[in-house]
*Asks:* 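Attaching a single structure in structure tokens format; questions to follow.
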Amino acid sequence: MSLPDTLRPASLLVHGGTMRSQHGETAEALFLTSGYVYDSAEQAEGTFNGSVSHFQYSRFANPTVAMLEARLALLEGAEACRATATGMAAVHAALLSHLKTGDRVVASRALFGSCHWIVSTLLPRYGITGVFVDGGDLAAWQAALAEPTALVLLETPSNPMLDMVDLPAVAALAHKAGALVVVDNVFATPLLQQPLKLGADVVVYSATKHIDGQGRVLGGAVLGSRKWVEEVLQPFIRNTGPSISPFNAWVLLKGLETLALRVQASCRSARAVADFLATQKKVKRALYPMREDHPQHALAAAQMTDGGTVVTFELAGGKDAAFALMNAFRLIAVSNNLGDSKSLATHPATTTHMRIGAEERAKLGITDGVIRLSVGLEDPADLIEDLARGLAAIPG
Ligand SMILES: *Cc1c(COP(=O)(O)O)cnc(C)c1O
């Protein structure tokens with residue numbers, strides 16, 4: 001039985017990529033095996049010379065991992081996918097498999113901390129130049145992409161300020177400069193924004209976030225054309241080994257089954273929470289892409305179908321106010337993670353974005369009063385009550 005090729009995302013999330021064994025199990029099987037045996041020496045020979053299709057070693061491929069990759073590819077509308085042990089393994093593999101000494105990379109400044117480190121610190125060690133631009137400034141992209149460039153890396157919406165990058169416009173400039181466009185789509189999830197349809201060549205995920213969504217395992221994924229994945233990415237992954245455990249891949253497959261339900265519920269609550277925060281006098285601004293007062297609301301509405309699960313807000317009272325609020329929470333947890341069923345609050349200036357320094361934070365608008373709230377699956381009325389409790393604890 002083969003699935004109809006017209007299935008919509010919610011159905012693909014439940015059924016896409018499922019490969020049943022001879023036992024006809026309902027749930028996806030967990031193939032917790034590092035290696036495989038052959039019926040004969042001839043079959044082993046054929047597997048190695050490519051004339052026989054057979055699993056060979058779980059560093060290269062594994063049936064449970066293959067189901068995860070197939071499901072993610074169907075959801076994204078990508079020709080091919082490779083799953084990795086973490087989101088950073090996905091970003092690292094996408095970049096290092098493609099780049100060589102002498103290349104130039106242009107990236108949006110508002111990147112996840114470790115992505116920023118790869119471009120600013122790791123790549124230069126190998127003679128690869130990294131240039132950062134303000135992601136919302138098309139003129140800056142145009143100037144930076146006026147010379148030949150091997151790769152563009154960007155994140156939209158960005159962490160933690162929810163800045164947008166105009167994907168079709170930047171992809172067009174990047175392609176003219178000869179660059180591969182890599183988009184870190186974690187904040188949007190595969191459901192709310194499809195970068196490949198907007199001009200990107202490669203999409204990367206930290207599956208640790210919404211795809212697991214229940215705080216259990218790390219994982220990552222890289223998606224792109226079959227040619228690039230098989231010829232450029234796969235040899236790198238096969239020989240350097242950032243492979244995901246079949247167990248973690250299995251957890252992520254089960255996470256995907258509920259992704260649409262979870263993301264829809266969190267988006268609805270995030271909007272309600274943002275609307276509440278925007279009315280509070282101790283809150284200087286509440287940022288949510290689907291609110292009309294978001295500075296790039298029109299762009300968000302053009303390239304996303306909903307605003308995502310994160311609300312970022314700035315308190316007038318700076319760090320003292322932020323800490324007083326977070327310490328008064330009784331439901332929302334203080335954490336540096338996001339995309340979880342539990343709502344999590346982060347103070348980026350002293351945690352996730354501490355290492356980039358005050359000057360870089362100022363460029364990104366990450367003041368000491370900024371809080372990033374990852375909205376989970378609790379009743380939004382309870383979240384709003386907890387936020388009200390936190391705001392009441394701020395002196396003044
Ligand atoms: C978490 C995150 C990563 C890194 O993913 P890990 O699974 O923690 O390695 C990369 N990019 C973004 C936007 C993230 O939120």
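Numbering of ligands and ligand atoms starts at 1, following listing order. For reference, positions follow the sequence shown, starting with 1.
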*Asks:* For atom 7 (O) of ligand 1, state which one of V91, T208, T86 supplies the nearest heavy atom.
*Replies:* T208
*Asks:* So is A90 touching ligand 1 or not, going by heavy atoms under 4.0 Å?
*Replies:* no
*Asks:* Distance only, no hydrogens: is a donor on one side chain within 3.5 Å (strictly under) of an acceptor on the other, for S335 and N337?
*Replies:* no
*Asks:* Could you check whether H54 and Y38 have their ring centres less than 6.0 Å apart?
*Replies:* yes
*Asks:* N/O of E155 under 3.5 Å from N/O of ligand 1, yes or no?
*Replies:* no
*Asks:* Under a 4.0 angstrom heavy-atom cut-off, which atoms of ligand 1 come close to G87?
*Replies:* 5 (O), 6 (P), 7 (O), 9 (O)
*Asks:* Can you find an N/O atom of M88 closer than 3.5 Å to an N/O atom of ligand 1?
*Replies:* yes
*Asks:* Which of the atoms of ligand 1 are close to S206, meaning less than 4.0 Å from one of its heavy atoms?
*Replies:* 1 (C), 2 (C), 3 (C), 4 (C), 5 (O), 6 (P), 7 (O)
*Asks:* Does NZ or CZ of K319 fall inside the cone over F323's six-membered ring, less than 6.0 Å from its centre and within 45° of the axis?
*Replies:* yes
*Asks:* Do the ring centers of F236 and H98 come within less than 6.0 Å of each other?
*Replies:* no
*Asks:* Any idea which protein heavy atom is nearest atom 2 (C) of ligand 1, and the distance to it?
*Replies:* K209 NZ, 2.5 Å
*Asks:* Heavy-atom contact under 4.0 Å between D184 and ligand 1?
*Replies:* yes
*Asks:* Is R109 salt-bridged to E360, cutoff N-O under 4.0 Å?
*Replies:* yes
*Asks:* Looking only at the side chains, is there a donor atom on one of S21 and E25 sitting less than 3.5 Å from an acceptor on the other?
*Replies:* yes
*Asks:* Atom 4 (C) of ligand 1: which protein heavy atom is closest, and how many Å away?
*Replies:* F112 CE2, 3.4 Å
*Asks:* Once rounded to the nearest 0.5 Å, what's the spacing between atom CD of E76 and atom CD of Q193?
*Replies:* 9.5 Å
*Asks:* By number and element, which atoms of ligand 1 are closer than 4.0 Å to a non-hydrogen atom of G219?
*Replies:* 7 (O)
*Asks:* Between ligand 1 and V186, is the shortest N or O to N or O distance under 3.5 Å?
*Replies:* no
*Asks:* Any chance the side chains of R71 and T18 put a donor and an acceptor closer than 3.5 Å?
*Replies:* yes
